[in-house]
Amino acid sequence: MPTLIPVYQPDLSGKELEYVTDCVKSGWVSSLGKYVELFETSFAKFCGVKHAIALSNGTVALHLALVLKDIGPGDEVIVPDLTFVATANVVRHTGATPVLVDSDPETWMIDPDQIEAKITSKTKAIIPVHLYGHPANMGAIMKLAKKHGLYVIEDAAEAHGAEYRGKRVGGIGDIGAFSFYGNKVITTGEGGMLVTNDDLLAEKARFLKDHAMSKEIRYWHPEVGYNYRMTNIQAAIGLAQFERIDSLLSRKIEIALAYKKSLAGCRGVVVQPQAEWAKNIYWMFSILVTDESRLNRNELMSSLLEQGIDSRPFFFPIHQMPPYLGCLGDYPVADDLSRRGINLPSFPALKDEQVKYIGDTICRLCN
Ligand SMILES: *Cc1c(COP(=O)(O)O)cnc(C)c1O
């Protein structure tokens, strides 16, 4: 068997080790230290926003975004049915109720046309997710949010640098949440970031992430806060990663184009879309296996593994999982995408020959 091509591996070939060594040698290993601020400032600029607040992971970034608006029991928050589970879990962590919306078959993102029917007097927020690197239809979503007075939290965990009509995600809604988990576009090991143009939200986020400690009186805590801080070591890795973000993103797009080329005309396979208003950064290059294919999705994944190619199935729709069985309604598009979808190897060090080998192998197996 050929050596396995993994789905993802982080590219840590820049100044990561140098900056981490600096943290260790200088003793600034906890959440004070220069790298946190440098990483925040750079990332805010990249997203075109005033504020970026570094946090311990992407899930707490989403949770804190809800807490900032006092969202809790009795409130409803709209989330897509097809997303990573954390998007729905954070709503439950606050005591609020996630309300699921099906996907748009054209973009695979939350279907804006189905959102309005799910808005009630209890709805407080929408969390659009930029899934697998493609932006959600933010124009339509912001219009609805404005009409109904809803707070918009972008879940941009998988889409650093993706654009809706030329505007980078994260800074389009009221607030945006990013993840720097090991397989995300850039990593800090574990890590997250909130970005916003709203001074008050930013100030409150900084306060709450640090145990809600008063700025004036040390160890005085006027509210119940959290420890959601990022460490200087995480930020040191993040800054080194960030220094190469442009080349990492362009490599991901090159890989996607190479996949599209090698899969063009391949029967039984639909490739990841890009809406005309979108810049997809193809976090995980993805395909759907159609009924035309000789093998179904799971059979294809097993056969690929035998050929030394690792892959991942799409997320399960939220409504199918035990904690969310109470979410009634039909989600036929999410069910279908989830049943057919595969994420292919998409890491920046993937070679063109490997992409061609994977594409050719898929075509051969499906036809
Ligand atoms: C990764 C991810 C998260 C959670 O981020 P962590 O840093 O792993 O906590 C949230 N939403 C989506 C869509 C993700 O892909």
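Note that ligands are numbered from 1 as they come in the structure, with each ligand's atoms numbered from 1 the same way. Because only heavy atoms are used, hydrogens play no part in the values below, and waters and symmetry mates are left out as well, while side chains stay in. Just so we're clear, the structure is a prediction, and the values are computed from it rather than from any experiment.
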Expected rows: ligand 1 N/O, protein N/O, dist below 3.5 Å:
unit_1	atom_1	unit_2	atom_2	d
ligand 1	5 (O)	Ser179	OG	3.3
ligand 1	7 (O)	Gly58	N	2.8
ligand 1	7 (O)	Ser179	OG	2.7
ligand 1	9 (O)	Asn57	OD1	3.4
ligand 1	9 (O)	Gly58	N	3.3
ligand 1	9 (O)	Thr59	N	2.9
ligand 1	9 (O)	Thr59	OG1	2.5
ligand 1	11 (N)	Asp155	OD1	3.3
ligand 1	11 (N)	Asp155	OD2	2.8
ligand 1	15 (O)	Glu158	OE2	2.5
ligand 1	15 (O)	Lys184	NZ	3.0

### Query
Given side chains that start at C-beta, do those of Glu163 and Met138 come closer than 4.5 Å, heavy atoms only?
no
### N/O donor-acceptor pair under 3.5 Å between Gln234 side chain and Gly189 backbone
no
#### Entry: Nearest heavy atoms of Pro273 and Asn280, plus distance in Å
O-ND2, 3.0 Å
### Any Val333 side-chain heavy atom under 4.5 Å of Asp104 side chain
no
### Query
How many angstroms lie between OG1 in Thr231 and CH2 in Trp28, if you round to the nearest 0.5 Å?
13.5 Å
### Query
Taking the inter-plane angle between the rings of Phe315 and Phe84 on a 0 to 90° scale, is it parallel (under 30°), tilted (30 to 60°) or perpendicular (over 60°)?
tilted
